[in-house]
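The block underneath contains the structure these notes are about, expressed in structure tokens.
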Amino acid sequence: MAAHIRPKKSLGQHFLRSPHHLRRIVDAADLGPEDVVLEIGPGTGALTRYLVERAGRVIAVEIDARLVQHLREALGDFPNLTVLQGDILQMDPAALVARVLGEWRPYKVVANLPYYITSAILRHLLESSPSPHLLVLTVQKEVAQRIVARPPRMNLLAVSVQFYGEPRIVHTIPRGAFYPPPKVDSAVVRIDVFPRPRVDVPDKELFFRVVKAGFAQRRKQLRNALAAGLGLPPAVVVEALRQAHIEPTRRAETLTLEEWARLTRVLFQQGDSRFDKTSA
Ligand code: SAM
């Protein structure tokens, strides 16, 4: 561990020190010599060390210049490691992999994520094209539980992740395994990404607009939440819900992905002139 580097809380720097947990993270990624891994936020390189030993190629993107320099010194002997400085949210992950390898290849993401941008990174990775086919991410335990939630406890993050892949919690990590310890425990989530989204929708943007509108007023019945969120007359929403075989009095948390997709298809087909599909 780089004793001279003071962790920056503003960058979510909590370094995992436990070999037991590090090994379990790497095990969850089923790595072999044919694998290309993108690691986000390698920090002091604790996880990176295990990754370079198991994967064919590792590309590590770290925002903090101090840590990049440390990593290059400490792990410079590994010819299969490329350390880059930058903000992952400003990079196109697939293009980055192709640029580093000289050709595009399928890749996995393994990362102990900075918690302050977990959702943004998840969205960034899952919406990228082509996206990684497997993600093994350490996140706050409570966030992990939200990601794997099912009806009747769905939420926007669960829909956003499960639209693209199948998430499951692999194991939990107590806060004391990190330095400095965060305020909450963590969990490792493995997401197997589908070759195409789990449900069939005519327009991805419209699908997420409908889902967001539903969850914007989670406690309200769907007909009211959707009418308010989509700017549609309640009668139009009720009719669309009926056509999608969804009871208008239900709440967003109870809907399955297929029901959200069905509703999106009805609204899309309806092509109601009052429903502006392009506005945000
Ligand atoms: N992988 C290390 C470990 O397991 O000990 C460090 C994990 S720490 C929770 C998160 C790391 O992400 C930090 O090193 C931080 O500097 C880095 N980071 C924060 N924001 C980032 C961003 N936007 N892009 C890339 N790295 C980032």
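Cluster annotation: V148 and V188 are assigned to distinct hydrophobic clusters (Ile/Leu/Val/Met/Phe/Trp/Tyr, side-chain heavy-atom contacts under 4.5 Å, transitive). Clustering ILVMFWY residues whenever any of their side-chain heavy atoms sit less than 4.5 angstrom apart, transitively, puts L157 in the very cluster that holds V193. Connection of F207 to Y164 is established within a shared hydrophobic cluster, with ILVMFWY side chains joined at heavy-atom distances below 4.5 Å, either directly or through further cluster members. F194 and V136 end up in different hydrophobic clusters when Ile, Leu, Val, Met, Phe, Trp and Tyr side chains are linked at under 4.5 Å. Linking Ile, Leu, Val, Met, Phe, Trp and Tyr whenever their side-chain heavy atoms come within less than 4.5 Å leaves L75 and V100 in two separate clusters.
Looking at residues two or more places apart in sequence or on another chain, you find a side-chain contact (heavy atoms from CB on, under 4.5 Å) between A187 and K141, A144, I169, T172.
When each of V110, I25, T118 is paired with T138, the side chain to side chain contact (heavy atoms under 4.5 Å, CB included) condition holds for I25 and for no other. Here the rule is side chain to side chain contact (heavy atoms under 4.5 Å, CB included) with L222, and of L263, L241, T249, T254 only L241 fits it.
Here the closest heavy-atom approach between residue P182 and residue F178 is recorded as CD-CB, 3.6 Å. In terms of heavy-atom proximity, A177 sits nearest to I173 at CB-CG2, 3.7 Å. Closest approach of A94 to W104, counting heavy atoms only: O-CD1, 3.4 Å. Nearest heavy-atom pair across Q85 and R72 is N-NH2, 4.4 Å. For the residue pair L255 and P151, the shortest heavy atom distance occurs at O-CG, 3.6 Å. Minimum heavy-atom separation, A149 to M154: O-SD, 3.2 Å.
Judged by distance alone, with hydrogens and angles left aside, the side-chain atoms of T264 form a donor-acceptor pair with the main-chain N or O of W260 at under 3.5 Å. The closest donor-acceptor contact from the side chain of K108 to the backbone of A29 lies under 3.5 Å. Remark: the backbone N or O of L134 is not paired with any side-chain donor or acceptor of D192 at under 3.5 angstrom. Put simply, the side chain of D35 never gets that close to the backbone of A55: no donor and acceptor are under 3.5 Å apart. Of the possible donor and acceptor atoms, one in the side chain of H124 sits under 3.5 Å from a partner among the backbone N and O of M91.
Contact of the I147 side chain with the L137 side chain is not registered, since no non-hydrogen atoms from C-beta on lie closer than 4.5 Å. At a threshold of 4.5 Å between non-hydrogen side-chain atoms, the residues I121 and P114 count as touching. V236 is not listed as a side-chain neighbour of L230, based on a closest heavy-atom distance of 4.5 Å or more. A heavy-atom distance below 4.5 Å is found between the side chains of H21 and P174. Side-chain atoms of L47 and L16, non-hydrogen and from C-beta on, never get closer than 4.5 Å to each other. At least one side-chain heavy atom of L89 sits less than 4.5 Å from a side-chain heavy atom of I117. Side-chain contact check for L38 versus P93: some heavy-atom pair is nearer than 4.5 Å. Between R209 and D203 there is no side-chain heavy-atom pair separated by less than 4.5 Å.
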Could you give the side-chain donor-acceptor pairs of residues 57-69 under 3.5 Å, partners two or more places apart or in another chain?
{"unit_1": "R57", "atom_1": "NH2", "unit_2": "T82", "atom_2": "OG1", "d": "3.3"}
{"unit_1": "E62", "atom_1": "OE1", "unit_2": "G43", "atom_2": "N", "d": "2.9"}
{"unit_1": "E62", "atom_1": "OE2", "unit_2": "D64", "atom_2": "N", "d": "3.0"}
{"unit_1": "D64", "atom_1": "OD1", "unit_2": "R66", "atom_2": "N", "d": "3.0"}
{"unit_1": "D64", "atom_1": "OD1", "unit_2": "R66", "atom_2": "NE", "d": "3.2"}
{"unit_1": "D64", "atom_1": "OD2", "unit_2": "Q13", "atom_2": "NE2", "d": "2.9"}
{"unit_1": "D64", "atom_1": "OD2", "unit_2": "R66", "atom_2": "NE", "d": "3.2"}
{"unit_1": "D64", "atom_1": "OD2", "unit_2": "R66", "atom_2": "NH2", "d": "2.8"}
{"unit_1": "R66", "atom_1": "NH1", "unit_2": "R6", "atom_2": "O", "d": "3.0"}
{"unit_1": "R66", "atom_1": "NH2", "unit_2": "R6", "atom_2": "O", "d": "3.1"}
{"unit_1": "R66", "atom_1": "NH2", "unit_2": "Q13", "atom_2": "OE1", "d": "3.4"}
{"unit_1": "Q69", "atom_1": "NE2", "unit_2": "E73", "atom_2": "OE2", "d": "3.2"}

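The local environment of CZ in R196 is sparse, with at most 12 non-hydrogen atoms from other residues, nucleotides or ligands closer than 6.0 Å. Within a 6.0 Å radius of CZ in R153, no more than 12 heavy atoms belonging to other residues, nucleotides or ligands are found. Few gaps surround CG on D87; more than 12 heavy atoms of other groups in view lie less than 6.0 Å from it.
With values rounded to the nearest 0.5 angstrom, S186 atom OG is found 11.5 Å from E142 atom CD. Interatomic distance, L226 CG to Q221 CD, rounded to the nearest 0.5 Å: 11.5 Å. Of the inter-residue distances, the one linking L96 atom CG with I88 atom CD1 reads 6.0 Å to the nearest 0.5 angstrom. Here OG1 of T256 is found 11.0 Å from CZ of R150. Values are rounded to the nearest 0.5 Å. One finds the OG1 atom of T44 at 11.5 Å from the OH atom of Y179 (value rounded to the nearest 0.5 Å). Considering CZ of R223 and CZ of R250, their distance stands at 14.0 Å, rounded to 0.5 Å.
A salt bridge links R265 with E258: at least one charged nitrogen is closer than 4.0 Å to a carboxylate oxygen. Ion pairing of R49 with E53 is absent here, as no side-chain N (NZ or NE/NH1/NH2) approaches a carboxylate O to less than 4.0 Å.
The salt bridge (Lys or Arg N to Asp or Glu O under 4.0 Å) contacts involving residues 24-33 comprise D27-R54, D30-R190, where partners must be two or more places apart or lie in separate chains.
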Show your working on salt bridge (Lys or Arg N to Asp or Glu O under 4.0 Å) between E127 and K204 and close with a plain yes or no. CA-CA 10 Å; E127 287 175 5; K204 234 192 281 185; over 6 Å; no

Between L267 and V210, is a side chain to side chain contact (heavy atoms under 4.5 Å, CB included) present by the stated rule, with each step listed? CA-CA 9 Å; L267 286 166; V210 173; 3.7 Å; yes

Is there a side chain to side chain contact (heavy atoms under 4.5 Å, CB included) between Q269 and Q243? Walk through the geometry before answering. CA-CA 11 Å; Q269 275 159 17; Q243 279 185 38; 5.8 Å; no

Run the numbers on S160 and L126 for side chain to side chain contact (heavy atoms under 4.5 Å, CB included), then give the verdict. CA-CA 9 Å; S160 312; L126 292 171; over 6 Å; no

Using the rule given for side chain to side chain contact (heavy atoms under 4.5 Å, CB included), can you reason through I191 versus L122, listing the C-alpha separation, both sets of side-chain angles and the distance that settles it, and then say yes or no? CA-CA 10 Å; I191 305 169; L122 260 172; 3.8 Å; yes

Between E253 and R219, is the salt bridge (Lys or Arg N to Asp or Glu O under 4.0 Å) condition met? List the steps. CA-CA 9 Å; E253 297 113 308; R219 305 258 165 249; 3.5 Å; yes

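Taking the six-membered ring where tryptophan is involved, the planes of Y115 and H14 are essentially parallel, since the angle between them stays under 30° and well short of 60°.
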